[in-house]
Amino acid sequence: MKMTGAQALIKSLEMQGVDVMFGLPGGAILPVYDPIIDSSIRHILVRHEQGAGHMAEGYAMVTGRPGVAMVTSGPGATNIVTPLANAYMDSTPLIVVSGQVATPSIGTDAFQECDITGVTMGITKHNWLIKNVEDIPRVVAAAFHVATTGRPGPVLIDLPKDISNQTMEWYWPSSVDELDLPGYHPVIFGDPVLVGQAAELIAQAHRPVLYVGGGVLKARAAEALRALADRTGIPVVTTLMARGAFPDSHPQALGMPGMHGHYTAVTAMQRSDLLINLGARFDDRVTGRISTFAPEAKIIHVDIDPAELGKVRRPDVGIAGDCRRVIEELLLAMDARSDEPVVQDLAPWWRQLHDWQDRFPLHYADADGGAIKPQNVVEQLRDAAPVDTVVVAGVGQHQMWASQYWNFEYPYTWVNSGGAGTMGFAVPAAIGAKVGRPDRTVWAIDGDGCFQMTAQELVTASSEQIPVKIAILNNAYLGMVRQWQEMFYEERYSEVYLSPDLPDYVKWAEAMGCVGIRAESPEDVGPVIEKANAIDDRPVVVDFRTDAFEKVFPMVPAGASNDDIVVHPDQAAQQ
Amino acid sequence: MTPAHLSALEGGKSPAPRHHILSVLVENKAGVLARVAGLFSRRGFNIYSLAVAPTDEDGRFSRITIVVDVESAPLEQVIMQLDKLVNVVSIGELSPAEAVERELALVTVAVGPTERSQVIQLVGVFKGEVVGVGADRLTVMLAGRPEKIDDFEGLLEHYTVVELQRTGRIALPKLERH
C-alpha cells in the first residue's frame with residue numbers, strides 16, 4: 001500500500017495504540033495534520049506547545065501509556081523543550097513529533113528552522129531526525145520501544161516537511177529485531193546471587209527502611225511492594241515521585257522523606273542501619289548533605305538503570321533490574337530461607353519510630369479567625385474528594401502541602417513535577433490526566449505563581465470539555481522563594497510579591513469558559529469546595545486567598561544535614 | 001575537553017597521571033560523536049583525547065577511542081552513563097598497563113641553515129620521517145607511544161614550532177604471550 005510519509009506517521013501512531021495526542025500545527029508539520037482528520041486518534045489542540053508536552057506527561061503518569069505530543073519546527077519545537085526536560089528528570093514516557101524544515105533547507109537558517117535534535121540531545125532518552133521516508137514506521141516503533149522500556153523517558157522524532165510529502169510502501173516492523181537498535185538492551189531481571197545477598201542483609205538489619213522511589217510506580221510494582229512490606233514489617237517511606245505507591249493509611253507508612261518530608265520519614269532514614277532503595281536515586285532533596293546522610297546504613301539499591309547504582313551513594317548490594325521483578329525474586333529468596341528468620345525483631349525500631357510520630361506529626365497553627373491556612377484547604381479538599389482522586393501539583397509550597405496533607409491510597413493518583421521542578425506544570429498536566437482517566441475526579445492544587453505560567457490551557461480544557469478542578473492556593477507570593485528569603489536572607493524580599501487580585505482569578509477563569517469561585521475566609525472553604533465538587537460539566541477554578549506568611553515545615557535547609565531538620569516552631573521545644 | 005596538543009605544549013608532559021582508555025563501538029550515524037561528547041560535558045567528565053574512525057567494512061560501526069581523565073569522575077560511572085546512549089553498542093575498558101597505545105604527530109618547524117640538519121637528525125633518532133620540505137621549514141611526522149611523542153615534542157622546544165598536530169591516542173588490548 002502506497003502512502004505519504006505523513007500518512008505513514010499517523011498510521012504508525014495508530015499501530016502503537018495511540019488514542020489521543022496533544023499538539024498545535026504550523027508550517028513544517030502541516031502535511032502530518034492533514035491525515036489526522038481521517039484518523040481514529042483524538043487530537044487536542046493546545047494554546048501553547050508547553051501545554052501539549054505537560055498534558056502528554058499527565059496522561060502518561062496516570063495511564064502508564066506513553067503520552068504523545070506534536071508540534072511544528074523552530075519555536076513550536078523549542079516551546080516543548082521544558083516538558084522534554086521535565087519528562088527526562090522524572091522518567092516519564094513521552095513521544096514528541098516535531099516538524100522540521102525540508103531537508104535541502106536544513107542548515108541554511110531557513111524560516112522556523114531549529115536544530116531541535118541538537119537542542120534536545122541531553123534531555124531525551126534518544127532522538128531521531130528522519131531523512132528517508134521509508135524509515136518512518138521503523139523509527140516510530142523504535143521511539144515507542146525506547147520510551148517505554150528500561151528506564152522510561154522522553155524521545156523526539158524530527159520530521160522534515162519534504163519527507164512527510166514523499167511516498168512510500170507501507171510496512172510495520174514485526175519484532176524488536178527490526179528496529180535497528182544494536183546498542184539498546186535494557187535489563188529486567190535482577191542477578192539471583194545479588195538478590196540472595198539482599199535477603200541476607202535484610203535478615204540481619206535491626207533498623208531497616210524501605211526507601212521507595214518512582215521506579216516502583218514505573219515498574220507497576222505497588223502490589224509486590226505491599227507484599228514485601230507485609231512480609232517483613234519494615235517501615236516504608238515514599239519519595240515525592242512515589243506518593244501512592246504504598247497506601248498512606250498503612251501502619252508501616254512513614255510518609256515522604258526529604259527536604260520537606262515527614263519528620264519520622266527523614267529521621268528513620270538518617271538512623272537506619274539498612275536502606276532498601278527501590279527505584280529511587282538518592283536525590284539531593286532526599287539526602288540533604290550527602291556526606292552526613294544515613295551514616296550507619298548499609299545500602300541495597302535496586303534500579304533498572306545501572307548507572308544509578310553508585311552514582312551518588314555506593315551500594316553494599318546494587319541490583320540492576322525492574323523493581324517488580326526484583327521484589328518478586330526477593331520474596332522467593334525469602335521463601336527459600338526456611339530455617340532462618342526473614343527479619344530481626346523490629347519491635348524496638350518501631351517503638352522508636354512511634355515515639356517520633358507521636359512527638360513530631362505534621363503540624364500547622366490554626367487559622368484562629370484569620371486568613372485561610374493552605375494546609376487546611378488541602379485537608380478539606382482531601383476529605384471531600386473520592387479516595388481515588390487524581391491530585392496534580394505545580395512546584396513550590398503548594399506542592400509540598402499537597403504531598404504532605406493528601407492521603408494517597410492508590411498508585412497513579414499523584415502527578416507532579418519532581419526532578420525538574422517545573423512551575424506551571426499543574427494546569428496542563430491535570431488536563432492530560434483527566435483525558436487519560438475521565439472516570440476520576442482530577443484536582444490540581446496549584447500556586448498563584450504557577451497558575452499564571454500556563455493557565456491559558458484552561459481554554460483548551462473548556463473547548464474540549466475536560467472538566468478539571470483547579471485549587472489555587474493564592475498567597476500573592478512566589479511562596480517558596482519568599483520562605484527562603486524569610487529564613488535565609490534576613491527577610492529581604494526580592495521580587496517575590498505578586499498580588500492577591502491582579503489578575504482577578506475568578507474573572508480570568510470565567511473568560512476561559514470555566515466556573516470561577518473565590519474563598520476569602522476560613523468559613524468559605526468548605527462550602528466553596530462543595531460547590532466546586534458539584535460541577536462536572538466544565539473546568540472549575542477556585543481562588544483560595546491563603547495566609548501569605550505560612551511556611552512549609554519540616555524543612556532541611558539546602559546543603560544542611562538531615563540531622564538538622566527544622567520542625568514547626570510549635571514543636572521546637574520537643575526536639 | 002582538553003585537546004591533547006594544547007596541554008602537551010603547555011607542560012610538555014604526559015597526560016594526566018590517572019587516565020583510562022575507553023574503546024567505544026558506536027553506530028556510524030549522524031550526530032553520534034556529538035552525543036558522546038555532549039554526554040561527557042553534561043556529566044562533568046573530562047576527555048583528554050579522542051580519536052574516531054569507521055571500524056568495519058560496510059561502515060555500520062565506528063570505534064571511538066577516548067582517553068578519560070578518571071580524576072574527574074569514577075570510571076564506572078562514565079562507562080555506565082555512556083552505555084545508556086542508544087547508539088553506543090559496546091564499551092571496552094583498557095588500563096594503560098593492559099593496552100598497546102599509539103599516537104601520531106605532525107610538526108612543522110621553522111629551520112635556518114644550521115637547524116635544518118639538527119632537526120633531521122633528531123627525527124632520525126626518533127625514527128620519524130620528514131614529510132614536507134620548504135625553503136625555511138620542515139614538516140616531520142612521528143608515530144609511536146604517546147610518551148615518545150611527548151619526549152620528541154619536549155626536544156623540539158629548542159626550535160621554533162610553527163604548527164603541531166597530534167591525533168590523540170588509539171589503543172587495543174595487549175596480546176597474551178601464552
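Every chain is numbered from 1 and lettered A, B, ... according to where its sequence line falls, protein lines coming before strand lines.
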Please rank A/Leu181, A/Leu129, A/Asp305 by heavy-atom pairs under 4.5 Å with chain B and give me the top one.
A/Asp305
Report the distance from atom CG of B/Leu142 to atom CZ of B/Phe126, rounding to the nearest 0.5 Å.
7.0 Å
Taking every non-hydrogen pair under 4.5 Å, which of B/Val89, B/Asp83, B/Ile79, B/Val86 racks up the most with chain A?
B/Val86
Where does B/Gln81 contact chain A at under 4.5 Å (heavy atoms): side chain, backbone, both or neither?
both
Identify which part of A/Leu309 has an atom lying under 4.5 Å from any heavy atom of chain B, answering side chain, backbone, both or neither.
backbone
Among side-chain atoms of A/Arg151 and A/Ser91, is any donor-acceptor pair under 3.5 angstrom?
yes
Let me know if A/Asp180 has heavy atoms under 4.5 Å from chain B in its side chain, its backbone, both or neither.
both
Can a salt bridge be assigned to the pair B/Lys148 and B/Asp151 using a cut-off of 4.0 Å between side-chain N and carboxylate O?
no
Determine the option with the most heavy-atom pairs under 4.5 angstrom with chain B, choosing from A/Gly310, A/Pro186, A/Pro182.
A/Pro182
Taking side chain as everything from C-beta outward and backbone as N, CA, C, O, which of these in B/Arg35 sits under 4.5 Å from a heavy atom of chain A? Side chain, backbone, both or neither.
both
Examine the side chains of B/Thr114 and B/Gln118 and answer whether a donor and an acceptor come within less than 3.5 Å of each other.
no
For a 4.5 angstrom cut-off between non-hydrogen side-chain atoms, does B/Ile64 reach B/Val52?
yes
B/Arg169 and B/Thr65: side-chain donor and acceptor closer than 3.5 Å?
no
Counting only heavy atoms closer than 4.5 Å, note whether A/Asn127 contacts chain B via side chain, backbone, both or neither.
both
